[in-house]
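See below for the structure under consideration.
Just so you know, these numbers use all the heavy atoms, side chains as well, and skip hydrogens, waters and symmetry mates. To find a chain, count down the sequence lines: A is the first, B the second, and so on, and within it residues start at 1.
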There are 2 protein chains.
Amino acid sequence: MQDILFDFISKYVTLTDDEKNAILALDIFHSVKKGTTLLKEGQKSNENYFVLKGCLRKYYMIDGEEKTTAFITEMEALTPHCVMTKNPSEYYISCVEDAILLISTSDMETEINSKFPKFELMCRILSEERLGKQQIDFDEFKTSSPEQRYLNLLESRPDLIQRVPQHQLASFLGIKPQSLSRLRARILEKK
Amino acid sequence: MQDILFDFISKYVTLTDDEKNAILALDIFHSVKKGTTLLKEGQKSNENYFVLKGCLRKYYMIDGEEKTTAFITEMEALTPHCVMTKNPSEYYISCVEDAILLISTSDMETEINSKFPKFELMCRILSEERLGKQQIDFDEFKTSSPEQRYLNLLESRPDLIQRVPQHQLASFLGIKPQSLSRLRARILEKK
DNA sequence: ATAACTCGTTCACTTAAGTGAAGAAATACG
DNA sequence: CGTATTTCTTCACTTAAGTGAACGAGTTAT
């Protein structure tokens, strides 16, 4: 389990044993059961999540309806917006599948960053990487129809379509579950 | 002009005169005329843009149609995706209004960052800030209808609606110019 | 000054998504 | 094991966006 983490980190910076131990001392590995809600709307939090195994879902509750805007799977991180703003959260985060997470608090990160400046660098690279990825995702979303978005998802994250309920997938694609059903039927017909 | 830049920076880190001079020595202030294309699809580049005055537009050319995905205005930055990946650009960047820009190359940033580690910190904060803002924008886009998106824009960036051609605004909202016209008429009727 | 373009709007028509209801299938739970 | 609930699909109908064409207003170029 720890190997997965250090393999990931080694892509960005090289750690000494001291540094590895400092991380392990933080005791950040956590198992989370399917269905657990990690963050609720209106709640304050300073926890950051990194998914080693499983799948998290981020969703808003708008007019009594869940609007899913992200799925976070293996090797992806999520820093809730409210952690940065120190305000109550605008959205929910829940666990779609049994998961193993790294949960770190902002304090921990500040501590590690000040002890080992190397982490500052890694955080910047990671955050720029994510910014870039997200910009591309956003552009793709804007420039596509729901049908194209579904086909793109089929290409880029085929696992999601299997592991996630359709109605959550629908709102992730910006449409209603009924429209997703219809759209899938339409695609099958075309073939 | 320089004051605008240093006022902006001072929100994140405090600079010594040495550091300020090091920045000025880079000669990064540029005037750009309306209509200028700063980056074309297929082109390689390592330039980052920061808008002091004016407005840039980022757009894709898909099936012979321009798809605008971003407007960059005062105090906003744009690092083209191709600068990070070192690949040819997938999109265009052009100048919507006469503008004054900071144009820096990746080399310059590396140089400044290694001379003054303080910049590393500022870059991280800026990139995390942008990441957060963009996540919220993306969520808002996903959870809204075109009409709501237009109303939101009217709230959050009313200047854009004035300073940018409607057909560019339409594709930014994810719809066709005709639909934007209709949608505006619909809103006026309701009032 | 006039011709050529660009831009925004409107119209009629097509296509796809939203809505509400109903039912089948899968899953969870007592 | 069987009941309840969730999940997915289908249907009929409504609403809004896409499409292609046309028009006038404003801009640019010659």
Within a strict 4.5 Å, meaning less than it, do heavy atoms of the A:Thr73 and A:Arg157 side chains meet?
-> yes

Side chains of B:Cys82 and B:Tyr91 in contact at under 4.5 Å (non-hydrogen atoms) =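 No, side chains not in contact.
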
Using whole Å, report how far [atom1] of [X] lies from [atom2] of [N].
{"X": "B:Glu65", "N": "D:dT19", "atom1": "CD", "atom2": "P", "value": "7 Å"}
{"X": "B:Gln178", "N": "C:dT14", "atom1": "CD", "atom2": "P", "value": "17 Å"}
{"X": "A:Ile187", "N": "C:dA17", "atom1": "CD1", "atom2": "P", "value": "10 Å"}
{"X": "B:Lys176", "N": "C:dT9", "atom1": "NZ", "atom2": "P", "value": "17 Å"}

Side-chain donor/acceptor contact of B:Arg182 with base of D:dG18 under 3.5 Å = yes

Assess whether one donor atom and one acceptor atom, taken from the side chain of B:Arg184 and the base of C:dG8, lie less than 3.5 Å apart.
->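 Side chain to base: no pair below 3.5 Å.
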
Cluster check A:Met108, A:Phe116: I/L/V/M/F/W/Y, side chain < 4.5 angstrom |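 Cluster IDs for A:Met108 and A:Phe116 match.
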
Do A:Val83 and A:Ile28 belong together in a cluster built from hydrophobic side chains that touch within less than 4.5 Å?
-> no

For the helix from C:dA1-D:dT30 to C:dG30-D:dC1, what is the angle between the axes at its two ends, each from 5 pairs, rounded to 10°?
-> 50°

Below 4.0 Å: OP1/OP2 of D:dT6 and any side-chain N or O of A:His167 |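 No, no such contact exists.
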
Under 4.0 Å between a side-chain N/O of B:Ser179 and OP1 or OP2 of D:dG18, yes or no?
-> yes

Choose from C:dG8, D:dA16, C:dA17 the nucleotide whose nearest atom is closest to any side-chain atom of B:Gln166.
-> C:dG8

Side chain of A:Arg186 - closest among C:dG8, D:dA16, C:dA16 |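 Output: C:dA16.
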
For the pair A:Phe138 and B:Phe141, name the ring-plane relationship: parallel under 30°, tilted 30 to 60°, perpendicular over 60°.
->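 Plane angle over 60°, so perpendicular.
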
Is the side chain of B:Thr79 donor-acceptor paired with the backbone N or O of B:Asn48 at a distance under 3.5 Å, no angle test?
->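 No; zero donor-acceptor contacts below 3.5 Å.
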
